[in-house]
Number of protein chains: 2
Amino acid sequence: MQIGELARSTGVKIETIRYYEREQLLPVPQRTDGNYRLYSPRHVEQLRFIRYCRSLDMSLEEVRLLIEARDAPAGSCLTVNALLDEKIAEVDARVNELHKLQDQLRQLRGLCQQPDEVKTCGILMELNRSARIDKAQI
Amino acid sequence: MQIGELARSTGVKIETIRYYEREQLLPVPQRTDGNYRLYSPRHVEQLRFIRYCRSLDMSLEEVRLLIEARDAPAGSCLTVNALLDEKIAEVDARVNELHKLQDQLRQLRGLCQQPDEVKTCGILMELNRSARIDKAQI
DNA sequence: TGAAAAGCCTGAAGTGGCTTCAGGGTCAAG
DNA sequence: CTTGACCCTGAAGCCACTTCAGGCTTTTCA
């Protein structure tokens, strides 16, 4: 299987696949006589594994750890547990932040319902006011 | 006011201030004979404005737009409204994504309550399974 | 047979929003 | 006169890719 087919069958861009190889997340593939990469079903699985982890918001470094743990013949999965717990905490924190942000943005948007002139626009007035009293620091 | 004092009084790192100047978000300051930057209260305000916008998750490009709109003598604030509406939609979408992610992560985490061996670890088994059936694509 | 088109290759640079680093110059206090 | 705090510049590093420039290989079709 050439790189184009791998890309089509996984929905991952060709350049990204080559990038993962450079980053040692995908094993080095065989080559044809014309120097084209040749992939096996094992590569397909590994690539899907990487993309699934990425869809769970893991960094490539974390994916590397998971691959290592997965390939360890009889290691403990403490690492995996810790990684997931950390990730869950991160996501929870980010959601809380974004909820606050939603409130702030909606409140701000409420200050200018009809397109007015800049000099009387409630949004810009509030942006300036907030900046002056340094709301962001609280 | 020198750059150190500006940094202290706004909580923005010196390097970041210089970066904003390079990016033309802060007006070029005066210089002393010894080539030190000299800031005015106007710079303090502008810097706080930038940071407040950044705390609302705006990109520097968006901040640039807001500064332009703010400084336009009598422009309409349609741009500002559109920008905020877009931002609100973005944040809403991101929150929804993260909620789904929370579910997935918690479910995954539930698969391995006590530190077991990798070869029987429910988490790794599920990561592999999900990758195989390509859950991420749905 | 020959040329175009599709597919692949490499290495380098660009993205955003900074941070870090190397190697200096300036200025006030002791 | 030297120490230390403060400042300067330009370049490189971070992450996870993406884009670009320039060229090779293979297939297709006239």
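Side-chain atoms are counted along with the backbone in the values below, which use heavy atoms only and exclude waters and symmetry mates. Within every chain, numbering begins at 1; the chains are lettered A, B, ... in the order of the sequence lines, protein sequences first and strands thereafter. Just so we're clear, the structure is a prediction, and the values are computed from it rather than from any experiment.
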For atom [atom1] of [X] and atom [atom2] of [N], their distance in whole Å:
| X | N | atom1 | atom2 | answer |
| --- | --- | --- | --- | --- |
| B/Asp57 | C/dG17 | CG | C1' | 13 Å |
| A/Arg31 | C/dC8 | CZ | P | 12 Å |
| B/Leu47 | C/dC18 | CG | P | 11 Å |
| B/Asp33 | D/dC8 | CG | C1' | 15 Å |
| B/Ile3 | C/dT26 | CD1 | P | 17 Å |
| B/Ile50 | C/dG16 | CD1 | C1' | 15 Å |
| A/Gln30 | C/dC8 | CD | P | 17 Å |
| A/Glu5 | C/dC8 | CD | C1' | 14 Å |

Can you work out whether B/Leu60 or A/Leu38 has the more 5'-proximal nearest nucleotide on DNA chain C?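 It is A/Leu38, whose closest nucleotide lies nearer the 5' terminus.
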
Salt bridge (charged side-chain N to carboxylate O under 4.0 Å, His left out): pairs with one or both residues in residues 97-107 of chain A, sequence neighbours excluded: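 Found A/Arg94-A/Glu97, A/Arg106-B/Asp92.
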
Mind running a 4.0 Å heavy-atom check of residues 82-101 of chain A against DNA chain C and sending the residues that fall below it, in number order?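 Close to the strand, none.
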
To check you understand the geometry: which heavy-atom pair defines the closest contact between [X] and [Y], and what is its length?
| X | Y | value |
| --- | --- | --- |
| B/Gln2 | B/Tyr39 | C-CD1, 4.2 Å |
| A/Ala7 | A/Lys13 | CB-C, 4.5 Å |
| B/Pro29 | B/Arg37 | CG-CG, 3.6 Å |

Select base, sugar-phosphate, or nothing to describe what A/Ser59 touches, counting heavy atoms under 4.0 Å on all strands.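 Sugar-phosphate contact only.
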
A side-chain contact here means heavy atoms from C-beta on lying under 4.5 Å apart; do B/Phe49 and B/Arg70 qualify?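 With C-beta onward as the side chain, the pair touches.
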
Taking only side-chain N and O atoms of A/Lys13, does any of them lie within less than 4.0 angstrom of OP1 or OP2 on D/dT19?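 A/Lys13 to D/dT19 OP1/OP2: side-chain N or O found under 4.0 Å.
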
Check whether any side-chain N or O of B/Arg37 sits under 4.0 Å from OP1 or OP2 of D/dC8, and answer yes or no.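 Checking D/dC8 against B/Arg37, a side-chain N or O does come within under 4.0 Å of OP1 or OP2.
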
For A/Gln24, does the CD atom sit with more than 12 other heavy atoms under 6.0 Å from it, leaving out its own atoms?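 No, because the 6.0 Å sphere around CD of A/Gln24 holds 12 heavy atoms or fewer from other groups.
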
Keeping the roles fixed (side chain from [X], backbone from [Y]), state whether a donor-acceptor pair exists under 3.5 Å.
| X | Y | result |
| --- | --- | --- |
| B/Lys87 | B/Asp57 | yes |
| A/His43 | A/Pro27 | yes |
| A/Glu86 | A/Leu83 | no |

Using a strict 4.0 Å threshold on nitrogen-to-oxygen distance, state whether A/Arg64 and A/Glu61 make a salt bridge.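 Yes, A/Arg64 and A/Glu61 are salt-bridged.
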
Go through [options] for me and flag the one nearest to the [X] side chain.
| X | options | result |
| --- | --- | --- |
| A/Asn35 | C/dG17, C/dC9, D/dC8 | C/dC9 |
| A/Gln2 | C/dT10, D/dC8, C/dC8 | C/dC8 |
| B/Arg54 | C/dC18, D/dC8, D/dC17 | C/dC18 |

Got a donor-acceptor pair under 3.5 Å from the side chain of B/Tyr36 to the base of D/dC6?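 It does, because a donor-acceptor pair links the side chain of B/Tyr36 to the base of D/dC6 below 3.5 Å.
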
Near DNA chain D, counting only heavy atoms under 4.0 Å, which residues of residues 14-26 of chain A show up?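 Within residues 14-26 of chain A, the residues near DNA chain D are A/Glu15, A/Thr16, A/Tyr19, A/Tyr20.
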
